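These numbers come from a predicted model, not from an experiment. Remember, it's 1-based here, ligands and their atoms both numbered in the order they're listed.
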Amino acid sequence: MIVVAGPASPKLGRRIASSLKCGLAPLEWKRFPDGESYIRIPFEMKGESVIVVQSTSLPQDKRLMELFFILDLIGELGAREVTVVIPYLAYMRQDKRFRDGEVVSVRVVSKLIESFNVDKVVLVDVHSKLVLDYFNVDVVEVSAMPLIGSYLSSLNLSNPFVLAPDRKALNLAKMVADGIGCDYDFLEKRRDKITGEVKTYFKEMDVRDRDVVIVDDIISTGGTIANAAEIARNLGARRIYAACTHALLVGDALMRLSSAGVFEIIGTDTIESNISKVSVAPAIASIL
Ligand code: R5P
C-alpha cells in the first residue's frame, strides 16, 4: 500500500501514511506561468494498492484538475486498486437544484472522479447525505467531530455548551457535545437563495458565564458563525469558540469572527492552514 499526497494535502497525506505505516510516493508539482498545473510521480506502482489524498478547497478548479492528473497518472503507472481521499469536496454545497435551471455541481464532480476508475472514495463531513448518493462506487464518510470533541476536552472549558448555528449542524453539535459531556442546542437560520445573506433568529439559551462552542461543517465567509456568536455574546456567554471541519475562511472571515467575539477558531487539516488544530488522519486511517 502506498499513499500519494496531492499538492493540497501534503501534511494530511503524510499523517495518513504514517498512521497506516506505509510509504509515501514522491510527487513533483508546479504551476506554469499561465496558471496551468503540472504533476509528476517518478515512481513505479505496478500492482500497488494506492491511496490518493487531495483536498479540493480554494482554488477549487485547479485542485480538482490536479486530482484528475494524479488519478490518470497512477492508472498509467500500474496502480491495481485506487482509493481516493478527498478531505474537502469542492462544490458539495450545490448538492441539489435550489432554483430552476441550476446545475447540480457536485454531481458533475462525482461523475468526473468516477471516470478515473477509482475503487473507493473517502470523504469527511459532507454537507448533506445527498452528496454520497451521487457516487456509484463505494463511498465512505468519516467525521471530524469526535476528534474536535477530544481537542476541546483538552482545553478545560468552563461549564461548556455546544451550539449548532443552524438545524443542519445539530448532529455535528451532538457529536461534539457527547465527546465533551455537555448539553447542546441549535439556532434557526435562513439564507437568501439569491444574495446568500444569512439571517439567524434569536433564541433564549442557558449560556450565561459558560464557554460556548459553535460547531459547523464549513466556515466560509464566517457570516453563519458570527451571527450565532453575537447571540451567544448577548446572552452573556463567557468565551466563544468556533469549531468546524472545513475552514475555508474566505476574505475577511477571520476578522469578522473576531469582531463577533469569537475567542478561538478550530479547524482541521481537511484544509491545511495555521488553524488546522485537529488532524482527521486517525479517522481516515481507521477505515482504510
Ligand atoms: C451551510 O449550510 C453550511 O453548513 C455552513 O453553515 C455555511 O457554509 C457557512 O458559510 P458562511 O461561513 O459563509 O456563513
Side-chain angles (χ1 to χ4, degrees), residues 55-60 63 86-99 102-106 109 123-134 141-145 148 162-177 184-203 212-233 240-268 270-271 273 275-278 280:
S55 192
T56 54
S57 61
L58 282 84
Q60 296 90 334
R63 293 314 195 188
I86 311 173
Y88 172 78
L89 180 67
Y91 296 103
M92 67 176 165
R93 281 172 291 175
Q94 187 71 22
D95 55 3
K96 62 182 177 199
R97 190 166 286 120
F98 297 92
R99 301 169 65 214
E102 281 183 348
V103 63
V104 181
S105 315
V106 77
V109 172
L123 304 171
V124 185
D125 287 325
V126 289
H127 182 59
S128 79
K129 301 300 171 199
L130 264 182
V131 171
L132 305 175
D133 294 341
Y134 293 123
E141 180 198 20
V142 300
S143 180
M145 293 300 144
I148 289 176
V162 176
L163 180 60
D166 56 33
R167 200 179 275 268
K168 275 179 93 169
L170 184 59
N171 62 329
L172 305 179
K174 179 179 182 328
M175 278 192 263
V176 172
Y184 61 97
D185 205 342
F186 71 98
L187 294 169
E188 286 293 350
K189 172 185 109 177
R190 295 266 176 281
R191 187 183 287 276
D192 186 294
K193 286 196 179 91
I194 297 166
T195 63
E197 203 182 312
V198 165
K199 182 169 168 45
T200 309
Y201 297 87
F202 181 82
K203 177 178 180 181
V212 173
V213 183
I214 306 170
V215 174
D216 209 349
D217 56 344
I218 300 171
I219 302 179
S220 180
T221 64
T224 298
I225 298 279
N227 285 0
E230 272 154 22
I231 291 172
R233 200 175 53 176
I240 299 170
Y241 295 77
C244 70
T245 305
H246 312 294
L248 286 168
L249 297 174
V250 303
D252 62 356
L254 279 176
M255 184 76 84
R256 194 169 183 181
L257 294 175
S258 129
S259 309
V262 174
F263 172 75
E264 181 177 339
I265 303 164
I266 298 132
T268 78
T270 63
I271 297 172
S273 78
I275 63 130
S276 303
K277 298 174 185 173
V278 173
V280 294

Protein residue, atom and distance nearest to [atom], heavy-atom basis:
atom: atom 8 (O) of ligand 1; result: R93 NH1, 3.2 Å
atom: atom 3 (C) of ligand 1; result: D217 OD1, 3.4 Å
atom: atom 14 (O) of ligand 1; result: T224 OG1, 2.6 Å
atom: atom 5 (C) of ligand 1; result: D216 OD2, 3.3 Å
atom: atom 1 (C) of ligand 1; result: H127 CE1, 3.4 Å
atom: atom 10 (O) of ligand 1; result: R191 NH2, 3.4 Å
atom: atom 9 (C) of ligand 1; result: I218 O, 3.4 Å
atom: atom 13 (O) of ligand 1; result: T221 OG1, 2.5 Å

TODO: Using the test side-chain hydrogen bond (donor to acceptor under 3.5 Å, both in side chains), find all partners of R93 that sit at least two apart in sequence or belong to another chain.
DONE: none

Task: Min N/O separation I225 to ligand 1 under 3.5 Å - done: no

Open item on the list: With a 4.0 Å cut-off on heavy atoms, is A169 in contact with ligand 1?
Closed with: no

Task: Any donor-acceptor N/O pair, R191 side chain to G196 backbone, under 3.5 Å - done: yes

Open item on the list: Checking the side chain of T268 only, and the main-chain atoms of S276 only, is there a donor and an acceptor separated by less than 3.5 Å?
Closed with: no

What are the atoms of ligand 1, with element, lying closer than 4.0 Å to any heavy atom of [X]?
X: K189; value: 1 (C), 2 (O), 6 (O)
X: D166; value: 2 (O), 6 (O)
X: G222; value: 11 (P), 12 (O), 13 (O)

Open item on the list: Does K203 qualify as a cation-pi partner of F186, given the criterion of NZ or CZ under 6.0 Å from the six-membered ring centre and within 45 degrees of its axis?
Closed with: yes

Open item on the list: If you apply the rule side chain to side chain contact (heavy atoms under 4.5 Å, CB included), what do you find for V212 with Y241, and how did you get there?
Closed with: CA-CA 6 Å; V212 173; Y241 295 77; over 6 Å; no

- [ ] Quick one: do I219 and H246 satisfy side chain to side chain contact (heavy atoms under 4.5 Å, CB included)? Show the steps, please.
- [x] CA-CA 6 Å; I219 302 179; H246 312 294; over 6 Å; no

TODO: Check whether the side chains of S143 and D125 place a donor and an acceptor atom closer than 3.5 Å, and report yes or no.
DONE: yes

Open item on the list: Could you measure the distance from the CG atom of D166 to the CG atom of L187? Nearest 0.5 Å is fine.
Closed with: 8.5 Å

- [ ] Might you work through the side chain to side chain contact (heavy atoms under 4.5 Å, CB included) test for Y201 and I231, ending with a clear yes or no?
- [x] CA-CA 9 Å; Y201 297 87; I231 291 172; over 6 Å; no

